[in-house]
Peer 1: 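Following this message is one structure expressed as structure tokens.
Proteins get letters first, then strands, A, B, ... in listed order; numbering begins at 1 in each.
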There are 2 protein chains.
Amino acid sequence: MTLPVPLPPVTSVTRQLSRRSVFEALLHRSPISRADLAKVTGLSKQTMSEVIDAFGQQGLVRQVGRTSGNVGRTALLYELSPEGGHVLGIDLGARRLTVALADIAGRVLAETDEPTDNRGGAWALDQIARLSDRLTRDNHTHLSRIRSIVLATPGVVNPRSGAIEMSPNITGLGHLNVVALLGEKLGSPVVIENDINLALLGEIWHGCAQNVANVAFLALGSGVGLGLYANGQLVRGENGAAGEIAYLPLGGDPLQAESRLQGCLEYQVGATGVLRRYREAGGSEVDSVIQVFERAQVGDPIAAQVIGETARLTGLAAAAVIAMVDPQLIVLGGSVGARPDFADQVARLLLQLSPRQVEIRTSTLGRRAGVVGALSVALSRLHDAFFGVSELAASLPLPPPAHGSARQ
Amino acid sequence: MTLPVPLPPVTSVTRQLSRRSVFEALLHRSPISRADLAKVTGLSKQTMSEVIDAFGQQGLVRQVGRTSGNVGRTALLYELSPEGGHVLGIDLGARRLTVALADIAGRVLAETDEPTDNRGGAWALDQIARLSDRLTRDNHTHLSRIRSIVLATPGVVNPRSGAIEMSPNITGLGHLNVVALLGEKLGSPVVIENDINLALLGEIWHGCAQNVANVAFLALGSGVGLGLYANGQLVRGENGAAGEIAYLPLGGDPLQAESRLQGCLEYQVGATGVLRRYREAGGSEVDSVIQVFERAQVGDPIAAQVIGETARLTGLAAAAVIAMVDPQLIVLGGSVGARPDFADQVARLLLQLSPRQVEIRTSTLGRRAGVVGALSVALSRLHDAFFGVSELAASLPLPPPAHGSARQ
DNA sequence: TATTTATTCGGTCTATTGACGAATTAAACT
DNA sequence: AGTTTAATTCGTCAATAGACCGAATAAATA
């Protein structure tokens, strides 16, 4: 165990670009020799040796053996070292708290979960700190070596301040400065992101939506929500409220009191909505949507009808998503949405609802999607902190209109 | 008039970055002296002189006078030269063809229009070539000096191939390879983009949506369409069909034949839909939506009711946009949507439909929006061709999942 | 021996720094 | 008032450091 890895010293832009492309190659092709790295990146062998030396001194890279069997001198092989830094992904759900640990190379080292402390607020934050501390210690590292943390939480997360603006399911979280408190407890920069957005990114990184630039994630569980990924970027919206489709004006009168309170769509397809409709249609006593599904499977016609209506409304929401953002793929997730029988019904309806056919898949990561997505963002943030060129990547802004623009 | 400007010779990445930031400063602050440029860009005076010299030799920059009145030596002032290159924006509408000319600094030099050749197809392309040729000659330049052309057209434009996939309003355009044909006629690279997307970009550049990162443009005229701008980027969708909200399942039964043919929403709020509803409600003989508005203004209750219903459905569509992408601003455009009386009705309805209030504005560029947006894209493409750093991808791609990822 | 890897050396390109002359205004002095 | 001096700013020159590459060379191995 070496000393904590220092931040890389300031280098010139061009060296930083070289470092960046070497890092990227190491990320995707390790273990790899310096000669191969030079071929892949287009840099010279000379530059490569310099960069690898610097990486080695920072603990970013380690040697892992050498080639054999080929003609010519054997080559030393290198890979990213776990010493380079670790990241934490945390999914703070209303029922379950999950924490996962990965290293800078994106290797998921461990994952653990337990029921969320139902006293909420500060207790939940304490619980996060405890669980994170244990997870790191159990895996030969320590909180002080964590370089980036991302927290998944339900509710609207302001993309500028990081504040949680609506968190109906976890009590007393909206009033806390979670970023500051958790950052202090854990000793690393913390970023908060909406759980559905992170579930989407999870599916994109390790799940059923890999290598896709335009995806929508439609989550249906106790509530309803949407994650949008367009042009290879997460769409957060101006206030972080993109994807809050509870208020989509579908499935009922959007002006009636219930719609305005809970959201028109969620009033119908949210868990309480499904149970209400089952009850009102004369269904027998149940206390979870899962039970309605079970009833339907054993032949309860009322349950089947209620679920069919839920699928119809979900299909309408999916059709709206397709019409508006034209994704290549829609992933259905959440405790209800991820059920294959349910997804099949939605997909069948979509055949008639939308003129352009879009593939429908069910979430492959399930409950893990959020925490995996949190890891992916934490990892990206760590990489950008080391090798970011954010100020360069943007397109040139156009000049504002001049006052004397010609017309004819 | 000098010789055609040669492309800049290949330079190193770091010099290219310097050139880029000098160009950007010139774009936004000209006329400006070399000393000020050095301060603004952070480069040294020495480097600045080298870059400005190179720009001058390429014809990108010209001297425009000198400072006076200040203490110290006078400074020479520089600005981008029109010799640096011109761009064309073209809006090929079903009724009107508009062409506009700008120089590399974003100065709009001229704009002209005439009725679209209603024979469509190849005739329209010939007409574009004629009008473009005339516009450039009338403004002391020539087609051969045009470096970038963007064409606005109704219909779905495939973002990868540039092919026009659905163009209901202009006959015989879908079967032509417009990019190749027009590029050959005009002698410059041509890019095609959906007219509503470009109208949105026009409002962002020179209209009512400046300095906003998340905007939606809701166009209501003969048809209905949407342009989305999120994270400072246009959302095109996987097939370029983002914003094709004709098929949004609002305002009627999305499964009925008419909805599946024309789109559920457009069947109601498109021009033919409005006229049909007015006729079915017993309204007197009219042949344009404008006339229905005029009737309503002089007290025709049926016309008022029909327009109110149109506004209600437009409000529902806007509410759906707000719920899904959370824009900071919605711009209403198109011959119907841009009417202030109509927009007021929509805005009033939105107060009740959406829990979060979003500003509504009407298009300030009107019919010019498309061509202005085309200019802005043409300009951005020219800038990127000169100073692009596209190979420096914005974010490092994460590694794909390894096979042996840990769990516990 | 042929081939591949890794290192060393020299050359080029770019950017920065500090010094300097040129040009101009402000202030001081006769 | 007119002239001289100081201060300030602009742009260039020369020297230097960082980074890259290519060629030559040494090392290792089938």
Peer 1: Does D/dA19 have its OP1 or OP2 closer than 4.0 Å to a side-chain nitrogen or oxygen of A/Thr14?
Peer 2: no
Peer 1: If the cut-off is 4.0 Å, is A/Ser44 near the phosphate of D/dC20, judged by side-chain N/O to OP1 or OP2?
Peer 2: no
Peer 1: Not counting sequence neighbours, which residues clear ring pair (Phe, Tyr, Trp, His ring centres under 6.0 Å) with A/Phe23? List them please.
Peer 2: A/His383, A/Phe387
Peer 1: Who pairs with B/Ser30 by side chain to side chain contact (heavy atoms under 4.5 Å, CB included), at least two apart in sequence or on another chain?
Peer 2: B/Glu79
Peer 1: Only counting residues at least two apart or in another chain, list the ones meeting side chain to side chain contact (heavy atoms under 4.5 Å, CB included) with A/Asp103.
Peer 2: A/Pro82, A/His86, A/Ala105, A/Arg107, A/Leu109
Peer 1: Just how far, in rounded Å, is C1' of C/dT14 from CD1 of B/Ile52?
Peer 2: 17 Å
Peer 1: Send over the distance from B/Met48 CE to C/dT17 P, rounded to a whole Å.
Peer 2: 13 Å
Peer 1: In whole Å, what is the span from the CG atom of A/Leu43 to the P atom of D/dC20?
Peer 2: 7 Å
Peer 1: Answer yes or no: is there an ion pair linking B/Arg381 with B/Asp384, defined by an N-O contact shorter than 4.0 Å?
Peer 2: no
Peer 1: With a 4.5 Å heavy-atom cut-off, do B/Ser376 and B/His206 have their side chains touching?
Peer 2: no
Peer 1: According to a strict under-4.0 Å criterion, is B/Arg15 in side-chain N/O contact with OP1 or OP2 of C/dA15?
Peer 2: yes
Peer 1: For B/Glu50 and C/dC13, give me the distance from atom CD to atom C1', rounded to whole Å.
Peer 2: 10 Å
Peer 1: Between B/Tyr78 (OH) and D/dG11 (C1'), how many Å, whole number?
Peer 2: 9 Å
Peer 1: Rounded off to whole Å, could you give me the CD-to-C1' distance for the A/Gln63 and C/dA6 pair?
Peer 2: 13 Å
Peer 1: Taking A/Arg19 first and then A/Glu50, would you say they form a salt bridge - that is, a charged N and a carboxylate O separated by under 4.0 Å?
Peer 2: no
Peer 1: If you look at every heavy atom in A/Ser188 and A/Leu143, which pair is closest and at what distance?
Peer 2: OG-O, 4.1 Å
Peer 1: Taking only side-chain N and O atoms of B/Ser49, does any of them lie within less than 4.0 angstrom of OP1 or OP2 on D/dT12?
Peer 2: yes
Peer 1: Using a cut-off of strictly less than 4.0 Å between a heavy atom of the residue and any atom of DNA chain D, enumerate the qualifying residues of residues 26-39 of chain A by number.
Peer 2: none
Peer 1: Summarise protein proximity over nucleotides 23-30 of chain D in one line of letters, 5' to 3': B for base, S for sugar-phosphate only, - for none, counting protein heavy atoms closer than 4.0 Å.
Peer 2: ---BBBBS
Peer 1: Answer whether the closest heavy-atom distance between the side chains of A/Val61 and A/Leu26 falls below 4.5 Å.
Peer 2: yes
Peer 1: Quick one: list whatever passes side chain to side chain contact (heavy atoms under 4.5 Å, CB included) with A/Gln210, sequence neighbours left out.
Peer 2: B/Pro401
Peer 1: Just how far, in rounded Å, is P of D/dC10 from CG of B/Asp53?
Peer 2: 17 Å
Peer 1: Taking only side-chain N and O atoms of B/Thr67, does any of them lie within less than 4.0 angstrom of OP1 or OP2 on D/dC10?
Peer 2: no
